[in-house]
Amino acid sequence: MSEKIVLIDGHSILNRAFYGVPNLSNSEGIHTNAVYGFLNILFKILEEEHPQYLTVAFDLNVPTFRHNRYAEYKGTRKPMPGELAEQVPLMKEVLKAMGVTIVTKEGYEADDILGTLAAKCETGGMEVTIVSGDRDLLQLATDHTMIRIPKTRFGQTTIEDYHAGDVVAKYQLLPYQIIELKALMGDASDNIPGIPGVGEKTATKILLEYQNIENAHEHVEDIRPNKAKNSLKEHYDMAKLSKELATICTDCPIDFDIESARMTNFYTPEAYEIFRRLDFKNLLTRFDEETAVSEKPLETEIIRNKDKLGKIIQSACDHGTVGISLIIQEKLWGIGISFGREEVYYAPVGDLLEEEYLKEKLDLLFSKCDIVSVLDLKEALKFTRAAKQKNVFDAQIAAYLINPLKAKYTYDDIAKEFAGEMLATVEDLFGKSKLPKLGTVSMDILAAYAGNMAYSVYCSRDPLEKMLKDLNMYELYTRIEIPLAFTLYDMEQAGMRVDAQSLKEYGDKLKLRIDELEQSIYQQAGEKFNINSPKQLGVVLFEKLQLPGGRKTKTGYSTAADILEKMAPSAPIVNDILEYRQMTKLKSTYADGLAGYIGADDRIHSTFNQTITATGRISSTEPNLQNIPIRMELGKMIRKVFIPKDGCLFIDADYSQIELRVLASLSADENLIEAYREEKDIHRMTASKVFHVPFGEVTPLQRRNAKAVNFGIVYGISSFGLSQDLNISRKEASQYIEDYFKNYPKIKEFLDEKVKTAKEDGYVTTKFGRRRPIPELKSSNFMQRSFGERVAMNAPIQGTAADIIKIAMIRVNERLKNEGYKSKLLLQVHDELLIEAPETEVKDVSALLKEEMTGAADLAVALEVDMHTGKDWYDAH
DNA sequence: TCGGTCACG
DNA sequence: ACGTACGTGACCGAC
């Protein structure tokens with residue numbers, strides 16, 4: 001294998017990056033977008049090529065021999081924008097810090113340096129890669145010299161590659177003829193005039209016939225069309241000058257020692273420092289532990305006695321801001337405390353520090369320190385009663401608000417991204433990405449884990465807060481998310497009472513029917529098989545029984561309900577299968593599944609997750625109480641096992657069409673707003689408009705279809721999706737949509753506007769400032785991009801509704817507590833709240849609940865709430 | 001661990 | 001032409 005060198009056209013790539021990467025600047029206000037883009041391109045190229053040598057060529061800011069002649073001649077050369085000019089020296093500084101060789105030569109352009117080096121290296125037997133944004137360079141392409149032209153759009157970089165053959169393929173011309181081409185057609189961006197009246201088409205035609213301009217000129221009388229002939233005759237000297245301008249020098253007098261270009265480790269302390277200064281947070285991630293931190297690794301001191309712990313806590317309180325980590329697995333194992341890089345401690349529960357004592361000290365920290373930063377406030381609340389909304393900071397929630405798309409918000413990522421700190425990860429410490437059983441872990445490792453986590457939340461707090469403020473989400477954070485964490489904590493503690501006996505009976509009843517169906521299915525199929533296996537089921541239905549209804553999924557036949565339903569008339573077995581599926585779903589997920597979560601207090605304590613969804617909704621796990629059946633009667637019956645405490649009733653309230661109301665308000669569409677003000681039946685109203693029938697004559701089917709259209713609008717309508725949902729043709733669906741938008745023009749404007757701003761900004765926001773980034777909009781893949789567009793339409797609506805109910809939850813919970821009620825908020829299901837209320841409180845609490853839900857936001861239309869009470873959840877909804 | 005399926009909003 | 005509705009979580013079988 002021959003060795004490889006990458007040669008980079010410095011100004012050209014910097015220029016590309018400048019225009020391709022949106023405005024960026026560091027905290028000092030220095031523009032950094034071009035440097036950032038340059039580095040991204042550089043890293044991408046290097047990852048692909050793994051060269052042994054690397055050099056960047058720059059022009060000097062002195063007249064250069066080729067272009068300057070024309071610049072003098074023409075008197076033009078657009079000045080570089082200041083924002084770009086200031087990044088040129090910065091770029092050189094960065095490269096120097098990374099140990100990258102820069103080559104310049106007085107009197108020569110970067111092009112000429114590149115051409116010369118490329119020729120030298122290729123002669124020396126190397127593979128050469130030249131990276132430039134300038135197509136002029138294509139003249140240098142050979143079988144061993146590849147020209148790579150990167151394009152950066154929306155921060156996404158794609159690269160076109162040209163060996164000699166690729167140039168021929170694309171331009172029909174040999175590389176050297178690129179010079180001839182420019183001589184004829186010119187190049188405005190490079191100040192090459194060319195000759196008038198000749199563009200790429202004509203120039204190519206001429207060159208295919210005459211190879212070069214000299215030969216073409218000799219045969220000028222034969223040249224067609226006449227316009228080209230005359231132009232070449234008249235402007236031949238201009239063509240010759242152009243040719244000279246376009247020709248890149250390949251034998252400039254440059255002293256070049258190949259060894260000086262040998263690749264070395266970029267990740268020097270100097271580079272780390274400069275990246276940090278420029279706020280290149282995610283480039284810092286490229287520094288692994290050894291190289292990154294010439295600083296000492298984090299040292300955690302283990303605190304084993306009360307005396308020492310007391311002193312640490314005193315210092316922490318004096319310092320003001322402190323990061324706390326709680327090590328929890330079943331029980332509390334210890335707490336990490338940090339208030340500086342040199343102040344990192346771990347206090348394990350042990351002989352001298354009893355759990356109760358540690359909790360007291362935790363209370364002390366939470367009550368005495370100015371700010372206590374943690375990774376998961378809701379979890380911390382399980383171990384302290386002293387936390388107050390005003391002095392706690394939750395780094396996980398903050399990181400979630402800044403980017404809600406991440407799967408996890410780990411302490412090491414947060415420290416890396418927001419504070420530029422490289423900390424030991426869970427994997428570094430424990431050897432695997434999941435926490436092992438803590439009983440098997442050495443004290444030193446556990447201490448390091450706790451210490452790193454505590455330091456992470458300590459050091460990332462200020463940058464996170466600043467970023468929340470910069471992104472206009474600080475209010476959202478302090479007024480909604482932090483109070484919500486307290487609310488969710490209360491809800492989790494409260495839990496939902498479940499009648500275990502009834503649940504068991506429900507499961508038994510299902511079992512009987514499942515057995516019947518199983519027998520029936522085996523009989524009809526003529527064999528026993530696992531009905532729950534889509535693969536086996538597919539084989540039975542589509543191969544053995546030869547039922548119609550082809551493939552759908554990557555792995556084989558689709559046996560999804562909507563497919564089977566269509567087959568039902570022709571095959572009774574599928575009805576049994578569908579029913580079997582329903583029954584087994586109810587049994588495994590709900591009857592049996594829920595039973596495993598009933599605690600000694602007869603209650604199920606779900607976990608409410610605040611940092612999961614992309615839109616700002618909460619989610620519920622272990623178990624999921626947000627997807628308890630309701631649509632089918634048999635499934636809905638399971639709600640009878642959810643019962644309130646003795647002497648209590650459930651109060652269940654749900655918003656009526658909150659998302660459509662949000663849409664009406666955000667879009668300010670007069671027709672929809674008016675319809676809501678008149679308390680019209682919205683789906684009927686839509687049906688009347690879309691299907692052109694009088695309001696009073698809308699059929700139930702039409703109303704149902706209109707309802708689907710309304711849903712579609714909220715989801716970011718597509719004719720295909722709607723047609724799928726309604727089982728109609730795509731054409732009909734398009735017609736519905738068109739008619740819908742005709743009647744609600746502002747809604748169309750609103751949705752279009754969301755897509756437009758999302759494309760410009762890269763994100764959308766809710767009424768309360770919550771952001772959802774939409775990277776899919778930058779995708780070159782049609783499907784991904786379309787998805788991004790639908791998300792841009794949906795997220796502001798779903799997210800605003802999520803914000804609203806969060807506000808309602810906080811206020812309801814606060815009032816229940818402040819006004820001395822025994823009633824408790826138990827559950828939220830996106831547009832629904834469930835309260836357990838002593839019978840004596842039902843009336844007042846119902847009024848309170850309605851008041852806070854309807855008053856949670858000020859929209860252009862009223863928020864309406866449907867409310868019911870009942871002796872179980874089935875009854876109450 | 002992943003994909004298919006299906007429960008909810 | 002591309003092949004889809006938006007947002008979740010649990011369970012199952014197959015790998």
Side-chain angles (χ1 to χ4, degrees), chain A residues 404-405 433 529-538 552-564 577-578 580-594 596-597 606-609 612-632 634-636 638-639 654-655 657-659 663 708-726 730 733 737 751 764 772 774 776 779-799 801-802 805 827-833 877:
Chain A
L405 300 185
S433 56
F529 64 101
N530 190 339
I531 308 167
N532 281 321
S533 161
K535 195 177 167 189
Q536 293 182 37
L537 180 62
K552 208 179 106 182
T553 65
K554 293 162 224 163
T555 50
Y557 305 104
S558 171
T559 62
D562 58 328
I563 305 266
L564 296 190
I577 291 166
L578 286 166
Y580 175 89
R581 283 244 180 96
Q582 283 185 9
M583 299 298 128
T584 52
K585 175 89 175 184
L586 291 174
K587 182 146 197 318
S588 67
T589 303
Y590 300 104
D592 300 348
L594 289 175
Y597 290 102
S606 175
T607 302
F608 296 106
N609 310 292
I612 297 288
T613 71
T615 51
R617 281 183 173 184
I618 59 172
S619 87
S620 157
T621 49
E622 295 185 317
N624 182 355
L625 292 184
Q626 290 181 321
N627 72 344
I628 303 301
I630 192 168
R631 294 174 189 167
M632 305 290 284
L634 183 69
K636 188 174 175 181
I638 202 171
R639 293 184 172 225
D654 66 285
Y655 281 114
Q657 296 165 348
I658 185 170
E659 292 186 344
L663 175 61
V709 174
N710 280 328
F711 270 104
I713 296 294
V714 170
Y715 290 160
I717 196 101
S718 81
S719 58
F720 200 93
L722 184 63
S723 70
Q724 197 76 3
D725 193 52
L726 289 181
R730 219 175 130 169
I737 295 167
L751 297 175
V764 288
R772 168 159 185 179
I774 313 181
E776 293 87 353
S779 170
S780 57
N781 177 300
F782 172 84
M783 210 188 76
Q784 292 252 310
R785 225 169 36 244
S786 306
F787 172 75
E789 290 171 3
R790 294 195 293 274
V791 161
M793 299 187 247
N794 172 264
I797 303 170
Q798 189 180 126
I805 196 165
L827 188 64
Q828 183 248 49
V829 193
H830 310 310
D831 65 352
E832 169 190 3
L833 296 180
H877 194 99

Worksheet entry | A:R581 side-chain N/O to B:dC6 phosphate OP1/OP2 under 4.0 Å | yes
Discussion item. With a 4.0 Å limit, can you tell me whether A:T559 has a side-chain N or O closer than that to the phosphate oxygens OP1/OP2 of B:dT5?
Written reply: yes
Worksheet item: Going by atom types alone, do A:T621 and A:N609 pair a side-chain donor with an acceptor below 3.5 Å?
Response: yes
Worksheet item: Where each pair must be Watson-Crick or G-U wobble with both distances under 3.5 Å, what dot-bracket representation of DNA chain C is obtained, with crossing pairs in [ ] and other-strand partners as |?
Response: .....|||||||||.
Report which part of the nucleic acid [X] touches: base, sugar-phosphate, or nothing (heavy-atom distance under 4.0 Å, all strands).
{"X": "A:A802", "answer": "nothing"}
{"X": "A:Q724", "answer": "nothing"}
{"X": "A:D654", "answer": "nothing"}
{"X": "A:A708", "answer": "base"}
{"X": "A:S718", "answer": "base"}
{"X": "A:I628", "answer": "sugar-phosphate"}
{"X": "A:D725", "answer": "base"}
{"X": "A:A614", "answer": "sugar-phosphate"}
{"X": "A:E659", "answer": "nothing"}
{"X": "A:E622", "answer": "sugar-phosphate"}
{"X": "A:K535", "answer": "sugar-phosphate"}
{"X": "A:I630", "answer": "sugar-phosphate"}
{"X": "A:N624", "answer": "sugar-phosphate"}
{"X": "A:G712", "answer": "base"}

[atom1] atom, [N] versus [M]: distance in rounded Å?
{"N": "B:dC6", "M": "C:dA1", "atom1": "P", "result": "32 Å"}
{"N": "B:dC2", "M": "C:dA5", "atom1": "C1'", "result": "23 Å"}
{"N": "C:dC2", "M": "B:dA7", "atom1": "P", "result": "32 Å"}

Worksheet, complete the sentence: Rounded to whole Å, the CG-C1' distance (A:L586 to B:dC8) equals 13 Å
Worksheet item: For A:H830 and A:R730, take the nucleotide of DNA chain C holding the closest heavy atom to each; which residue's nucleotide lies nearer the 5' end?
Response: A:R730
Worksheet entry | Terminal contacting nucleotides, 5' and 3', DNA chain C versus chain A (heavy atom, 4.0 Å) | C:dC2 to C:dC15
